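Written below as structure tokens is the structure these notes are about.
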Amino acid sequence: MTPPSNIRRIGVLTGGGDCPGLNAVIRAVTKTAILQHGIEVAGIEDGFQGLIDDRIHPMTAKDVAGILVRGGTILGSNNRCNPRRHHVGDDHEGRPVFRDVTDQCVEVAHRHRLDALIVIGGDGTMAAASGLMDKGLNVIGVPKTIDNDIVGTEISFGFLTAVNTATEALDKLHSTADSHHRVMVCELMGRNAGWITLTAGLASGSDVILLPEIPVEMESVAQYINARMCKGPGFAIVAVAEGARLRGGEQIVAHTVAHSPEPTRLGGIGQHVAAAIGRMCGVETRTTVLGHIQRGGTPIPADRILATHFGYHAIQTLMHGGRNRMVVRQNNIFSDVDLLCAAGKQRLVPLDHPLIAAGRAIGISFGDGVPHTHYPEPKPAVVV
Ligand code: F6P
């Protein structure tokens, strides 16, 4: 197929945190552009930072051979860079100085004769891209995040691999919980959204699932754990999202990242919940924080396929004349939406989500005191 006369060369970049499947998208974008449409592809290094610094190199189909299964991103990424508010140094009193460098980015893109950018990233990356769109660059977005919280798409690539990793970890914690009659608490990623914890919690048969969307009542959790320890199997697995918080309390912030468009890094609720369970139930409790393991490693097959489909669809969208669109999947069908519909927003777990209802039905506690299945009082032994 001959490319429309206005698309001869495109740039591709990965923004935000790394995520399983990034390389699979880069591969699909590059191969579809070159092999199907005869368009040249340029790789932009380290997200928008590479556009600011003019670190851009040509990519061939050979450059992306073999990367489908690799974790991370061959282009490098950056979750601190927003061209509209770029940190250029500190003033003489040590205060950070920010500058709008969108003109510089557009100039670099023009110098490399880039007719469009394929931007693979999350809500923050889409928001950062808006500055370039305002200056006339055509940006096609591909939704990336393990958190699965991008508005406009029912799924982002990387999520299913993170769920797989989290499920395996929770499965493994069962061994110690069972053998030592302990409560094992596992803190999972996801920022303000509980998708990873809800899905991995259910997949692993966790007993308590604590989500950012449902404020936690420790009395309710303690009551549930006591029942499981005394009348149930005598151990418990608690899956807690890093963004979960106690009712009336705040999320726990692990640290902040200076000059980042999204500076807050959550973490610590796992320790907090474990300590409270130990205190309130008098039971040995341990915490595991799974952290970046959820973002690493090879994407599972479902993510390789999703990422490939998204990458292919991004080029198709461009070739059909799309401008400033984000490719999405809705009701299992691939399409595209206005790129800005995702910018700076989050898709949280709705409280009436069917998985929450199913979890409650099978006796899982969501830590909110909603009645759940209780263990029956043991019947007195019948002596014959
Ligand atoms: O958005 C992906 C994510 O892994 C979140 O789940 C987590 O809160 C955050 O990024 C961690 O960011 P960083 O890699 O900067 O510590």
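Read the numbers this way: they start at 1 and go in the same order the structure lists the ligands and their atoms. In this chain, residues are counted from 1 in sequence order. Since this is a predicted model, take the numbers as computed values, not measurements.
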Before you tell me yes or no, could you show the steps for Arg347 and Thr153 under side-chain hydrogen bond (donor to acceptor under 3.5 Å, both in side chains), namely the whole-Å CA-CA distance, both residues' side-chain angles and the distance that decides it to 0.1 Å? CA-CA 9 Å; Arg347 190 178 70 94; Thr153 186; over 6 Å; no

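- For atom 9 (C) of ligand 1, the closest non-hydrogen atom of the protein is Arg191 NH2, 3.7 Å.
- Closest to atom 16 (O) of ligand 1 among all protein heavy atoms lies His292 NE2, 3.2 Å.
- In this structure, the protein non-hydrogen atom closest to atom 8 (O) of ligand 1 is Glu242 OE2, 2.5 Å.
- No N or O atom of Met189 sits closer than 3.5 Å to an N or O atom of ligand 1.
- When non-hydrogen atoms are compared, ligand 1 lies under 4.0 Å from neither the backbone nor the side chain of Ile196.
- Between His181 and Phe235, the ring centre distance reaches or exceeds 6.0 Å.
- At distances below 3.5 Å, not a single donor-acceptor pair connects side-chain atoms of Asn331 with backbone N or O atoms of Ile333.
- Side-chain atoms of Asn164 and Thr161 form no donor-acceptor pair, as typed in the model, at a separation below 3.5 Å.
- Atoms of ligand 1 lying under 4.0 Å from at least one heavy atom of Arg265, given by number and element, are 11 (C), 12 (O), 13 (P), 15 (O), 16 (O).
- What you find for Asn138 and Arg323 is that their closest heavy atoms are OD1-CA, 3.0 Å.
- For the salt bridge (Lys or Arg N to Asp or Glu O under 4.0 Å) test with Arg84, the passing option among Asp103, Asp134, Asp100 is Asp134; the others fail.
- For atom 2 (C) of ligand 1, the nearest non-hydrogen atom of the protein is Asp147 OD2, 3.3 Å.
- In this structure, atom 11 (C) of ligand 1 lies nearest to the protein heavy atom Arg295 NH1, 3.6 Å.
- The closest approach between Gly17 and ligand 1 stays at or above 4.0 Å for every heavy atom of the residue.
- A salt bridge links Asp207 with Arg228: the closest approach of a Lys/Arg side-chain nitrogen to an acidic carboxylate oxygen falls below 4.0 angstrom.
- Annotation for ligand 1: atoms under 4.0 Å from non-hydrogen atoms of Asn79 are 15 (O).
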